Amino acid sequence: MAKENSLIEEIVSLCKRRGFVFQSSEIYGGINGFFDYGPLGVELRRNIKDAWWEDMVRRREDMVGLDSSIIMNPRIWKASGHIDGFSDPMVDCKESKMRYRADQLFAADIRVEGDSLGWICLVESVDMQDEAEKKAELIKRKAAKQGKLEPVELRPYDELSTDEQKLVPSPATGTVGSLTEPRDFNMMFQTNVGALRDASSEAYLRPETAQGIFANFKNIIDTGRVKVPFGIAQIGKAFRNEITPRNFIFRSREFEQMEIEYFIPPDEDAWPQYHREWIDTRMSWFSSIGLTADFLGEEVHPKHKLAHYAKACTDITFKFPFGEHELEGIAARGNFDLTQHQEHSGKNLEFFDEARKEKYLPHVIEPSLGVDRTFLAVICSAYQIDEVEGEKRTVLRFHPRIAPIKVGVFPLVKNKPVLVERARKLYHRLQRKWNVIFDQSGAIGRRYRRIDEVGVPFGITVDFETIEGDGSITLRDRDTTEQIRLSEEEAISYLEEKINP
RNA sequence: GCGGGCGUAGCUCAGCUGGUAGAGCACCACCUUGCCAAGGUGGAUGUCGAGGGUUCGAAUCCCUUCGCCCGCUCCA
């Protein structure tokens, strides 16, 4: 465990040192759950997204793209269930560490002829009134109080005044004052649209990109010349006000998703096959961008844990240094979302299937992936410490396709202008194709190590043979550290093949 | 949110019986260097996480706050 902890710390440290990931607002003391991506991070992130878009959208016939807005009509979140599902004020018992929904906690002041004997509190249930009255009797007897018990009037905890709440005992321990004030745990960030800050202007930052796809379903089937089965893909930021952001960029409050809603015929037996296909498609994609196969896993959600509308959900997991966690969720959601939006919007969202000559609401398979989680998994897969000629070396073995920098170009030594000029010329030439760097400072071995640590897959060195001999350069491989001599043209087509498979 | 640990240079950390900051690595410039972290010379770097208090004097003691890590809790 200690060893594993230090691994993630090493990775976090490397991410900062080499400009992959910074804590957001660092000079102001930071802000929990937000991150900034530095010069190398932004390249890596972009390459991951580009690879996904290329493979999932452009190279398929059955996919189209979308980029919907982050703030949408709040009725979308009503329809999707996000407002009702996540807006409950919660109350903690400081003593028992139990957490309750404030509207499910009921309390009453027990009074005998005007004198208060203290409050009781219980969790909502069908027979709570009986229970409350029994408790009241008990309290009266204990207090040895004479007189008539006033009717026990149970009220929800969140409707009590702050002063009253302070008198309420914890339902778990009976201790007065151990309950906290109700706190809102809605995970959606709220904002206001327009100048007025009243209820009518309330809006939310989207907690997922998926609803933007469902909300545009009608637009796309009306204009996109699509036929079921087909998918709509979207990459974009989403925001969740997580109670506890943890594990570096794994769970943050602002994150980016790559989501697909793949619409399929509504037949009851149709979805398992599509679901399986998508799991396989996604799994092999992860391998193709260089995630370590041994770290990848599948986790099937047990039936009783599924949301009521979901038919199945399989997570693709990754063994991070802090444990095995979800990278991507692939859910079979039936037609729940389209049904909801059809009802709430009052618009017909049915698709007319020419082949079947019928209208229906398609069902959907939803592969939903986090960009930042993938980013972290890529780095965890790539991070290695090995030995080169007895020296320890830190190396990021990124797949050439997603490596932030593809090639380092070096003059063998920097005090020979012809070498430097020739190398710089090649650098400018390669720059038109890829993100490459030029480095002339320090011994050549030191420069190789520098690029190893930021995962540059190839190094090209211009040496005396380039100038005086046949013009060939040496191409050095990051992973094997082996070098081969190639002409410039050969080198470029070699790189082409490796970088753009 | 609760409990525990921790915030000093880009990184790793030392200094913490109060006397106004240091090492190694990294970085920059120049010299040297004919292929895997060579060497030399010079250089930049911190309001010691932030705010407040105690004190003649605080990185060091006290309080508050922010952030990070671990556990619990919560959780599409």
Side-chain angles (χ1 to χ4, degrees), chain A residues 1-2 4-6 8-10 12-19 22-34 38 80-82 85-86 88 90-101 178-183 185 187-188 207-208 210 238 240-248 251 255 257 259 301 305-307 310 313 315 322 326 328-329 331 366 368 370 387-395 410-416 419 440-453 459-468 473-474 476-478 480-483 485:
Chain A
M1 192 65 177
E4 288 173 349
N5 283 342
S6 72
I8 189 70
E9 276 163 29
E10 275 175 38
V12 171
S13 162
L14 176 68
C15 280
K16 166 147 197 215
R17 187 156 33 93
R18 292 301 183 184
F22 305 123
Q23 199 194 358
S24 172
S25 326
E26 199 183 90
I27 60 169
Y28 286 99
I31 177 165
N32 197 357
F34 297 89
S80 69
H82 283 84
F86 304 116
D88 315 309
M90 303 296 278
V91 171
D92 287 317
C93 169
K94 287 183 268 193
E95 207 170 42
S96 66
K97 311 294 181 201
M98 293 290 283
R99 174 166 284 173
Y100 306 95
R101 272 174 59 172
S178 75
L179 290 179
T180 61
E181 280 177 39
R183 282 169 302 206
F185 276 79
M187 298 231 297
M188 285 196 289
E208 60 173 41
R240 286 182 202 167
N241 202 355
E242 298 282 354
I243 300 165
T244 317
R246 275 288 158 89
N247 293 329
F248 195 37
R251 175 176 291 159
F255 56 102
Q257 294 184 304
E259 290 196 308
H301 285 214
K305 277 191 144 184
L306 290 173
C313 185
D315 285 347
F322 45 82
E326 173 191 350
E328 173 159 10
E366 177 189 85
S368 165
E387 272 192 15
V388 174
E389 302 186 359
E391 293 275 1
K392 247 177 72 177
R393 165 179 89 141
T394 302
V395 57
F410 316 116
L412 181 59
V413 292
K414 75 168 171 185
N415 61 350
K416 299 285 187 295
L419 283 184
Q440 57 173 31
S441 75
I444 190 70
R446 181 199 226 13
R447 283 177 271 163
Y448 286 152
R449 295 302 166 81
R450 265 203 288 255
I451 65 168
D452 288 342
E453 205 182 16
I460 290 183
T461 302
V462 169
D463 55 24
F464 290 93
E465 216 177 312
T466 317
I467 306 299
E468 295 156 3
I473 49 85
T474 61
R476 182 254 190 192
D477 183 280
R478 173 196 64 202
T480 61
T481 76
E482 271 163 21
Q483 305 185 66
R485 286 209 78 86

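The chains referred to below are lettered A, B, ... by the order of the sequence lines, with proteins before strands, and numbering in each begins at 1. Since this is a predicted model, take the numbers as computed values, not measurements. Just so it is clear, the values below take in all heavy atoms, side chains as well, and ignore hydrogens, waters and symmetry mates.
Judged by distance alone, the side chain of Glu259(A) and the main-chain N or O of Ala210(A) form a donor-acceptor pair under 3.5 Å. Under the 3.5 Å distance criterion, the side-chain polar atoms of Arg446(A) are left unmatched by any main-chain donor or acceptor of Ser441(A). Looking only at distances, a side-chain donor or acceptor of Arg447(A) sits under 3.5 Å from a matching main-chain atom of Gly442(A). With hydrogens and angles ignored, the 3.5 Å screen pairs no side-chain donor or acceptor of Arg240(A) with any backbone N or O of Phe255(A).
Separation of the P atoms belonging to G49(B) and A9(B) is 8 Å when rounded to the nearest angstrom. Taking atom P in both G10(B) and C2(B), one finds a spacing of 32 Å when rounded to whole Å. The gap from the C1' atom of A23(B) to that of U8(B) amounts to 13 Å, rounded to the nearest Å. For the P atoms, the distance from C56(B) to G18(B) is 15 Å, rounded to whole Å. Here the separation of C66(B) from C74(B), taken at their C1' atoms, is 22 Å to the nearest Å. Nucleotides G4(B) and U65(B) are separated by 14 Å at their P atoms, to the nearest Å. If you take atom C1' in U17(B) and the same atom in C13(B), they sit 22 Å apart, rounded to whole Å. On the C1' atoms, U45(B) is 11 Å away from C28(B), given to the nearest whole Å.
Checked by distance alone, Arg476(A) brings a side-chain donor or acceptor within 3.5 Å of a matching partner on the base of C36(B). Taking only distance into account, the side chain of Arg251(A) meets the base of C75(B) through a donor-acceptor pair shorter than 3.5 Å.
For C27(B), the paired base is G43(B) (Watson-Crick or G-U wobble, both distances below 3.5 Å). In this structure, G67(B) and C6(B) make a Watson-Crick or G-U wobble pair, each of the two defining distances being under 3.5 angstrom. Of the nucleotides present, none pairs with C75(B) by Watson-Crick or G-U wobble criteria with both distances under 3.5 Å. Both distances falling under 3.5 Å, in either a Watson-Crick or a G-U wobble arrangement, occur for no nucleotide opposite C35(B). A 3.5 Å limit on both hydrogen-bonding distances identifies no Watson-Crick or G-U partner for U55(B). Remark: U60(B) base-pairs with no nucleotide in the shown strands. Criterion, Watson-Crick or G-U wobble with two distances under 3.5 Å.
Residue Thr474(A) is in base contact, counting any heavy-atom pair closer than 4.0 Å across all strands shown. Gly38(A) comes within 4.0 angstrom of no nucleic acid atom, judged by non-hydrogen atoms across all strands. Looking at heavy-atom distances under 4.0 Å, Phe248(A) makes contact with sugar-phosphate atoms alone, never a base.
With G67(B), C35(B), U32(B) as the choices, the nucleotide that has an atom nearest any side-chain atom of Asn32(A) turns out to be G67(B). If you check A76(B), G10(B), C28(B) against the side chain of Lys16(A), the one that comes closest is G10(B). Here G34(B) is the nucleotide among A76(B), G34(B), U33(B) with the atom lying nearest to any side-chain atom of Leu412(A). With U33(B), C35(B), C36(B) as the choices, the nucleotide that has an atom nearest any side-chain atom of Val388(A) turns out to be C36(B).
The distance from atom CD1 of Ile460(A) to atom CZ of Arg476(A), rounded to the nearest 0.5 Å, is 12.5 Å. Atoms CD and OH, on Gln483(A) and Tyr448(A) in that order, are 4.0 Å from each other to the nearest 0.5 Å. Rounding to the nearest 0.5 angstrom, the gap separating the CD atom in Glu387(A) from the OG1 atom in Thr481(A) is 12.5 Å.
Contact between the side-chain N/O atoms of Asn247(A) and the OP1/OP2 oxygens of C70(B) is found at a separation under 4.0 Å. Taking side-chain N and O atoms only, Asn415(A) has no distance below 4.0 Å to OP1 or OP2 of C31(B).
Atom P of nucleotide A76(B) and atom CG of Asn241(A) are separated by 14 Å, given to the nearest angstrom. Arg485(A) has its CZ atom 10 Å from the C1' atom of C35(B), to the nearest Å. In this structure, the CD1 atom of Ile444(A) is 15 Å from the P atom of U33(B), given to the nearest Å. Note: CZ (Phe464(A)) to C1' (C35(B)) measures 12 Å, nearest angstrom. Rounded to an integer number of Å, the gap from Glu10(A) CD to U12(B) C1' is 11 Å. Residue Asp463(A) contributes atom CG, which lies 8 Å from atom C1' of C35(B) at whole-angstrom precision. For Arg447(A) and A38(B), the CZ to P distance is 11 Å, given to the nearest whole Å. The CD atom of Gln483(A) sits 12 Å away from the C1' atom of G34(B) (whole-angstrom rounding).
With sequence neighbours excluded, the residues forming a side chain to side chain donor-acceptor pair (under 3.5 Å) with Arg17(A) are Glu453(A), listed by chain and number. Residues passing the ring pair (Phe, Tyr, Trp, His ring centres under 6.0 Å) test with Phe248(A), sequence neighbours excluded: Phe35(A).
Comparing Ser13(A) and Arg240(A), the nucleotide of RNA chain B nearest to each residue sits closer to the 5' end for Ser13(A). Mapping Thr481(A) and Gly442(A) onto RNA chain B via the closest heavy atom, the residue that lands nearer the 5' end is Gly442(A).
Residue Tyr448(A) and nucleotide A37(B) are not classified as a stacked aromatic pair, given the requirement of ring centres less than 5.5 Å apart at an interplanar angle below 30°.
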Sub-3.5 Å pairs of nitrogen or oxygen atoms, protein against nucleotides 25-27 of chain B:
from, atom 1, to, atom 2, distance (Å)
C27(B), OP1, Arg450(A), NH1, 2.6

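Side-chain atoms of Val12(A) and Gln23(A), non-hydrogen and from C-beta on, never get closer than 4.5 Å to each other.
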